[in-house]
Amino acid sequence: MVDEIFRWWPSVRQTRDELPWRSTRDPWLTLLAEMMLTQTQVARVAERFVVIAERFPTAEACAKAPLSEVLALWVGLGYNRRAVALHRTAVLICERHGGEVPCDLQSLLQLPGVGSYTARAVLAFSFDVQSAVVDTNVGRVLARAASGTQLRPREAQTLADELVPVGQVRDWNLAIMDFGHLVCRSRSPMCESCVLASSVCRWQQMRRSSKIEIPDPAVGSGGVSTRQPTFEGSDRQGRGRLVRAACLGPLPEDELCHIAGWPNEHERALRIADMLVVEGIMRRDANGCYQLA
DNA sequence: GATACGTGGTC
DNA sequence: TGACCACGTAT
């Protein structure tokens, strides 16, 4: 599988290398990019990454900035609690590691907002540590091509670790992610032109030798995300509106429900605002107004 | 292990 | 056009 994907990769590599975080191996910028990319599509992160990376070229620069500035830079990306985690992580990197991103898995996992994927991404992309990243794309490739069956997260990680070629950690992880994104896509995978289809891919083998349709092994598999409830009218939608509005100025308590888009649900808006306070995204000022923390 | 978490894009 | 999809971490 490794050889086939590496033979395919050059056809897309140049384009993919234009993504701004691919032109650096700086550990802090890699960590910043991966935290921004958490559950957020590449296309929407690209522009904003350039802005934030320029403002916070080091962990120290981020740690010294007020959280409200980090939040204001973040707004529009979604999952605003990641901005709080980023700021805390920057502070912790300064306190615990002298301002340098740690290069071991355990230390990285201690940082807020850094989980299995992000920690390994930093190791693989900026430290050349033997390590495999399993994001939704990689998880899908592994389930379909390497296994042919659903994988638990642990199994997916183990499989991924076994594949990493010595001395090509960064390139391999980028290549398999690109492959999952562009060829082994979630919907309508390009099996017709896939370099794995004729030989390696277990799912294709099963489909060829079976009369009935074989279900996609990537569905519900480890590392592949599950769907979520409707956004319209959800708490998340109201939260997003409150945080966005708070970037422009303090929010009086009695206006919260209108800003959240629920004119008749004052209680609900207040509950959401208080959740934002608990999460460290907002705070109540002396006037009882809500503003960015 | 189920659920919450934001926004923009596709069909 | 409204349901569906991409996209990891924390609890």
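Letters A, B, ... mirror the listed sequences (proteins, then strands); counts begin at 1.
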Trainee: We want to know whether A:Y117 and A:E34 form a side-chain donor-acceptor pair, criterion being a heavy-atom distance below 3.5 angstrom.
Mentor: yes

Trainee: Please name all residues satisfying side-chain contact (heavy atoms from CB on, under 4.5 Å) with A:P112, sequence neighbours left out, ordered by chain then number.
Mentor: A:A85, A:R88, A:T89, A:L92

Trainee: Test your reading of the model: is there a side-chain donor-acceptor pair from A:R207 to the backbone of A:R202, 3.5 Å cut-off?
Mentor: no

Trainee: For the side chain of A:R81, counting heavy atoms from C-beta on, which of B:dG6, C:dG8, C:dA6 is nearest?
Mentor: B:dG6

Trainee: Does anything in residues 24-33 of chain A reach DNA chain B, meaning a heavy atom under 4.0 Å, and if so which residues?
Mentor: none

Trainee: Short of 4.0 Å, heavy atom to strand atom, which residues of residues 233-242 of chain A count as contacting DNA chain B?
Mentor: A:D235, A:R236, A:R239, A:G240

Trainee: Enumerate the residue pairs fulfilling ring-ring contact (aromatic ring centres under 6.0 Å, His included) with a member in residues 9-45 of chain A, sequence neighbours excluded, ordered by first and then second residue.
Mentor: A:W21-A:F49

Trainee: Are A:T40 and A:R82 linked by a side-chain donor-acceptor pair shorter than 3.5 Å?
Mentor: yes

Trainee: On DNA chain C, check which nucleotide each of A:V42 and A:T230 is closest to and give me the residue with the more 5' one.
Mentor: A:T230

Trainee: Any chance the rings of A:Y79 and A:W74 have centres within less than 6.0 Å?
Mentor: no

Trainee: Under 4.5 Å between any side-chain heavy atoms of A:D235 and A:R271, yes or no?
Mentor: yes

Trainee: Tell me if a side-chain donor or acceptor on A:R16 pairs with a main-chain N or O of A:D178 at a distance below 3.5 Å.
Mentor: no

Trainee: Which residues pass the side-chain hydrogen bond (donor to acceptor under 3.5 Å, both in side chains) test with A:Q110, not counting sequence neighbours?
Mentor: none

Trainee: Is the distance from OP1 or OP2 of C:dT9 to the nearest side-chain N or O of A:T38 less than 4.0 Å?
Mentor: no

Trainee: What is the distance from CD of A:Q228 to C1' of B:dG8, rounded to the nearest Å?
Mentor: 12 Å

Trainee: Would you indicate, yes or no, if C:dT9 has its OP1 or OP2 atom less than 4.0 angstrom from a side-chain nitrogen or oxygen of A:T118?
Mentor: yes

Trainee: When you check the side-chain N and O atoms of A:D161 and A:T158, is any donor under 3.5 Å from an acceptor?
Mentor: no

Trainee: A:Q41 has an atom CD; how far is it from atom P of B:dT7, in whole Å?
Mentor: 14 Å

Trainee: Go through it in stages, so that I can follow the logic: the residues are A:R284 and A:D274, the test is salt bridge (charged side-chain N to carboxylate O under 4.0 Å, His left out), and I'd like the CA-CA distance, side-chain angles, deciding distance and then a yes or no.
Mentor: CA-CA 9 Å; A:R284 271 184 76 115; A:D274 286 334; 5.1 Å; no

Trainee: Please work out which residues in residues 101-117 of chain A have a non-hydrogen atom less than 4.0 Å from an atom of DNA chain B and list them by number.
Mentor: none

